[in-house]
Amino acid sequence: MYIVVEGDDPGYDIFVNGRALARHEDAVESLALRLGVKPLIEFFSADENSMALLIEEGAGNPDLLKRLPPPQWYAPEDGLTTVAALVGDLRREPQQLGTEGALVLAELEEYERVLHKTQERGLRWHLAVSWR
């Protein structure tokens, strides 16, 4: 799971390592719901570039590119609400996600940094998924 920022080049590094988050997506979604915030997966949107990567990785149908709706973009504040709640709870109790709780927390902190930069620049974002 990674962050896509609107536009060609936002002017800052948007790399986040979302592998542990992807592995624990169900548990992170349950945690978000328990905390009363929107689950991260609800910020997912397929855009042409991410779908092309999925198809290249063998995880999609090339015909989907022709019927792809416009990507959905989200305000960084909305993502920060979710991420801040998850970070706060996992800082208090990282073991609630098992042995990888600290990894998930570290990835969420990366998301938080990128979303703060996105907010500072007045840009929008969404999540995408890679199957690699």
Pairing donors with acceptors under 3.5 angstrom, does anything connect the side chains of S45 and Y74?
no
In Å and rounded to the nearest 0.5 Å, what is the OG1 to CG distance from T82 to L31?
10.5 Å
Determine, using the 4.5 Å side-chain heavy-atom cutoff (strictly less than), whether L127 and Y12 are members of one ILVMFWY cluster.
yes
Can you check whether P39 reaches V28 side chain to side chain, under 4.5 Å on heavy atoms?
no
Intermediate values then yes/no, side-chain contact (heavy atoms from CB on, under 4.5 Å), Y2 and F15:
CA-CA 7 Å; Y2 62 96; F15 176 79; over 6 Å; no
Test: E112 and K117 ion pair at under 4.0 Å
no
Does any part of the side chain of V37, heavy atoms only, come nearer than 4.5 Å to the side chain of V83, both counted from C-beta?
no
Between CD1 of I14 and OH of Y111, what distance do you get to the nearest 0.5 Å?
11.0 Å
Taking all atoms of both residues into account, what is the closest heavy-atom pair of G79 and L115, and its distance?
C-CD1, 3.8 Å
Residue pair P94 / A102: nearest heavy atoms and the distance that separates them:
CB-N, 4.3 Å
Decide whether R34 and Q96 meet the rule of one side-chain donor and one side-chain acceptor closer than 3.5 Å.
yes
Which value, rounded to the nearest 0.5 Å, describes the distance between E107 atom CD and H24 atom NE2?
9.0 Å
How close do I3 and V16 get, counting heavy atoms only, and between which atoms?
N-CG2, 3.7 Å
Short side-chain to backbone donor-acceptor contact, W125 and A75, under 3.5 Å:
yes
Going from CG on L105 to CG on L86, what distance comes out if it is rounded to the nearest 0.5 angstrom?
10.0 Å
The test is salt bridge (charged side-chain N to carboxylate O under 4.0 Å, His left out); show your working for E77 and R124 and say whether it passes.
CA-CA 9 Å; E77 308 69 59; R124 298 182 302 169; over 6 Å; no
Euclidean distance, L21 CG relative to E29 CD, rounded to 0.5 Å:
12.5 Å
Sidechain-backbone polar pair: D89 side chain, R91 backbone, donor-acceptor under 3.5 Å
no
Looking only at heavy atoms, the pair that brings H126 and Q72 closest together is ND1-O, 3.1 Å
Separation of K38 NZ from D78 CG (nearest 0.5 Å):
6.0 Å
For a quick test of reading the model, state the closest non-hydrogen atom pair linking L103 to A20 and the distance between them.
CB-CB, 4.0 Å
